[in-house]
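Encoded as structure tokens, the structure appears first; notes follow it.
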Amino acid sequence: MSYALVDCNCFYVSCERLFRPDLEKKPVVVFSNNDGCIIARSEEVKAMGIGMAIPFYQVREYVDRRDLYAFSSNYALYGDISARVMSVLEEMAPQVEVYSIDEAFLDLQGMEAIKDLTGYGHKIRQRIKQWVGIPVGVGIGPTKTLAKLANYAAKRYAATGGVVDLHRPDWCSRLLPQVPVVEVWGVGRRSAEKLKAENIHTAADLALSDPDVMVRRYSVVLARTILELRGVRCLTFDVEAEAKQQVLCSRTFSSRITQLQLMQEAIREYAVRAAEKLREEQRLTQHVSVYIRTNPNARFEQKYRNAASCPLPSPTNDSRVIMKEAIRLLNMIYKPNYRYMKAGVMLNDLQPEKSYQTDLFTENLHTEQSAQLMNVLDKVNQRYSGALKFAGQGREQSWAMQRNLLSPSYTTSWQAIRKVMA
DNA sequence: TCTGGGGTCCTAGGACCC
DNA sequence: TCTGGGGTCCTAGGACCC
């Protein structure tokens with residue numbers, strides 16, 4: 001049995017380059033919302049020694065001098081390109097698990113006829129490059145964790161040509177001692193530091209450690225990782241996306257908020273957006289949380305963070321109910337005289353819209369009338385991109401995020417498509 | 001001056017039940 | 001002097017992922 005992990009190389013950068021071929025081989029970065037910090041770097045940028053999550057102001061000079069080409073993140077574009085990559089994969093493998101916007105696991109069961117899995121990997125790379133234009137790396141192994149590790153090697157070592165199959169025993173025994181333990185999937189910075197103190201430095205060291213001991217000292221997650229590194233499958237393969245258990249909408253403001261009224265606007269906006277996502281998922285929530293915070297990094301400012309949450313009497317996905325509850329929660333935790341940086345609305349205790357339990361003794365919030373109204377609202381907003389708003393979401397939205405370096409919506413906006421074709 | 005957003009899983013501890 | 005045992009559910013927080 002085999003898994004392959006296909007991962008797009010610096011995906012957001014590759015998407016921007018699709019429409020700017022002049023930026024091939026040039027240093028390119030993509031920034032987070034509000035152009036806050038770097039979330040994707042081209043190889044050239046990595047070579048310049050510019051790290052991940054570096055804030056914009058630290059590299060502004062480079063951008064101004066044109067030593068660095070910068071873009072705001074354009075999720076509409078990346079989502080569209082991602083779907084194209086995934087559909088190519090679905091034609092090439094029996095089972096595909098879309099793991100994130102830029103990577104997918106393939107279950108190669110039933111493909112035993114293919115003797116040369118490395119060759120198959122190269123075919124995948126070639127086809128995605130040719131049909132979509134995105135470079136990818138392919139890692140193959142008997143477990144997901146090993147496929148991930150193979151993918152790491154495929155990207156790191158140019159001689160592999162972007163494909164590594166860890167079924168070959170010589171590869172496995174050569175690679176694992178060379179991989180720092182923090183690069184293993186499931187081992188984060190915290191655990192890596194702790195492991196180092198125990199003299200576990202590489203993937204090979206970790207694979208040799210005793211899972212029964214480590215489960216007590218760390219967690220079952222780490223114990224599973226150890227077994228996976230040894231070729232024992234512990235993680236499942238899920239073709240169907242699991243239903244979400246939580247929906248969250250949170251944003252950093254473009255400028256600090258110091259007035260309750262503006263904070264209420266923002267919370268209403270996030271509550272409405274969260275409710276929209278909930279309806280896209282065809283689910284209801286029965287638990288609303290709100291959190292607000294100042295800048296935790298500011299050295300000379302008063303810091304404050306707080307959250308409040310409350311169950312709803314019955315499940316709903318009505319924007320009005322969720323918005324009202326969110327504002328009530330906000331008013332409980334808001335304190336004046338702070339410079340707020342970020343806020344969020346979280347919906348928990350989700351259940352399917354189709355088959356939820358009604359309670360005879362409480363008011364039913366998910367009524368036919370509510371469902372119809374929300375349906376109309378969503379249809380209009382899809383057709384006329386957010387034309388309908390609730391009073392109180394704010395018209396100006398001075399706090400709304402900025403994306404000053406945004407590329408045109410090449411694949412979704414007709415004006416941009418015409419420009420490219422001209 | 002200045003640092004994203006959206007998730008998952010696991011664990012520990014408290015409340016509560018019989 | 002002395003106060004059970006076993007269980008579930010909920011929540012907050014940590015760690016990790018992309």
Side-chain angles (χ1 to χ4, degrees), chain A residues 5 7-12 29-40 50-61 63 72-75 78-79 82 98-105 144-145 148 151-152 181-195 215-225 234-236 238 241-256 270 273-274 277-278 280-281 286-287 289 291 293-301 305-311 339 341-350 401-404:
Chain A
L5 177 71
D7 187 316
C8 301
N9 299 345
C10 47
F11 181 56
Y12 297 170
V29 293
V30 174
F31 282 102
S32 64
N33 285 338
N34 284 320
D35 299 331
C37 59
I38 294 175
I39 54 169
I50 296 175
M52 196 70 164
I54 298 291
F56 183 46
Y57 70 92
Q58 285 184 16
V59 295
R60 172 169 287 144
E61 261 186 65
V63 177
S72 304
S73 37
N74 185 344
Y75 290 103
Y78 311 150
S82 171
V98 177
Y99 179 70
S100 74
I101 194 165
D102 72 333
E103 62 190 291
F105 285 100
K144 282 181 158 182
T145 304
K148 266 277 201 187
N151 190 281
Y152 166 82
V181 74
V182 74
E183 300 292 346
V184 174
W185 191 38
V187 179
R189 228 188 51 228
R190 282 291 163 85
S191 306
E193 271 167 36
K194 219 172 137 188
L195 287 166
V215 72
R216 268 172 280 134
R217 232 175 274 171
Y218 294 81
S219 66
V220 294
V221 181
L222 190 74
R224 281 203 286 255
T225 300
C234 300
L235 302 175
T236 57
D238 306 299
E242 294 284 308
K244 280 198 179 50
Q245 303 188 30
Q246 173 181 82
V247 165
L248 172 75
C249 180
S250 73
R251 295 270 183 304
T252 298
F253 309 123
S254 56
S255 53
R256 300 286 182 265
Y270 302 167
R273 178 68 199 121
K277 284 194 212 173
L278 198 59
E280 277 166 32
E281 299 277 323
Q286 205 172 349
H287 191 99
S289 320
Y291 78 87
R293 67 168 163 89
T294 57
N295 184 355
N297 304 312
R299 266 168 293 177
F300 306 109
E301 275 181 38
R305 62 182 293 176
N306 207 348
S309 63
C310 189
R339 300 179 68 238
M341 174 172 123
K342 185 176 181 176
V345 173
M346 208 189 300
L347 307 178
N348 280 295
D349 197 355
L350 306 191
M401 70 181 175
Q402 290 184 10
R403 295 192 293 175
N404 294 326

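In what follows, chains carry the letters A, B, and so on, assigned in the order in which the sequence lines appear, proteins first and then strands, with residues in each chain numbered from 1. Values below: every heavy atom of this structure, side chains too, minus hydrogens, waters and symmetry copies.
When atom types are taken as modelled, the side chain of Lys277(A) and the backbone of Leu248(A) share a donor-acceptor pair closer than 3.5 angstrom.
Heavy atoms of Arg189(A) sit under 4.0 angstrom from primed sugar atoms or phosphate atoms, though from no base atom. Using a 4.0 Å heavy-atom distance criterion, Ser250(A) is classed as a sugar-phosphate-only contact. Nucleic acid contact for Lys148(A): sugar-phosphate only, since backbone atoms but no base atoms lie under 4.0 Å from a heavy atom of the residue. Among the heavy atoms of the strands, none lies under 4.0 Å from Phe56(A). Using a 4.0 Å heavy-atom distance criterion, Met346(A) is classed as making no nucleic acid contact. No contact: Arg339(A) has no heavy atom under 4.0 Å from any strand. In this structure, Arg403(A) reaches neither bases nor backbone, as no heavy-atom distance under 4.0 Å exists between it and the strands shown. Nucleic acid contact class of Ser191(A) (heavy atoms, under 4.0 Å, all strands): sugar-phosphate only. Across all strands shown, Glu242(A) has no heavy atoms under 4.0 Å from either base or sugar-phosphate atoms. Val30(A) comes within contact range of no nucleotide atom at all, as no heavy-atom separation falls under 4.0 Å. In this structure, Gln245(A) reaches the sugar-phosphate backbone alone: every heavy-atom distance under 4.0 Å involves primed, P, OP1 or OP2 atoms, never a base.
Nearest approach of Thr145(A) to Leu235(A), heavy atoms of both residues: OG1-CD1, 3.9 Å. Smallest separation of non-hydrogen atoms from Arg217(A) and Lys194(A): O-NZ, 3.2 Å.
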message: Could you spell out the base pairing of DNA chain C as a dot-bracket line? Use Watson-Crick and G-U wobble contacts where both distances are under 3.5 Å, [ ] for crossing pairs, | for partners on a different strand.
response: ....||||||||||||||
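Ring pair Tyr270(A)/Phe253(A) is parallel by interplanar angle, where below 30° counts as parallel and above 60° as perpendicular.
Projected onto DNA chain B by closest heavy-atom contact, Asn33(A) and Glu301(A) fall at different nucleotides, the more 5' of which corresponds to Glu301(A).
Summarising the local packing, CD of Glu193(A) is surrounded by more than 12 heavy atoms from other residues, nucleotides or ligands at distances under 6.0 Å.
Between Lys244(A) and Glu280(A) there is no salt bridge, since no side-chain nitrogen of the basic residue lies less than 4.0 Å from a carboxylate oxygen of the acidic one.
The footprint of chain A on DNA chain B, defined by a heavy-atom cutoff below 4.0 Å, extends from dC2(B) to dT11(B).
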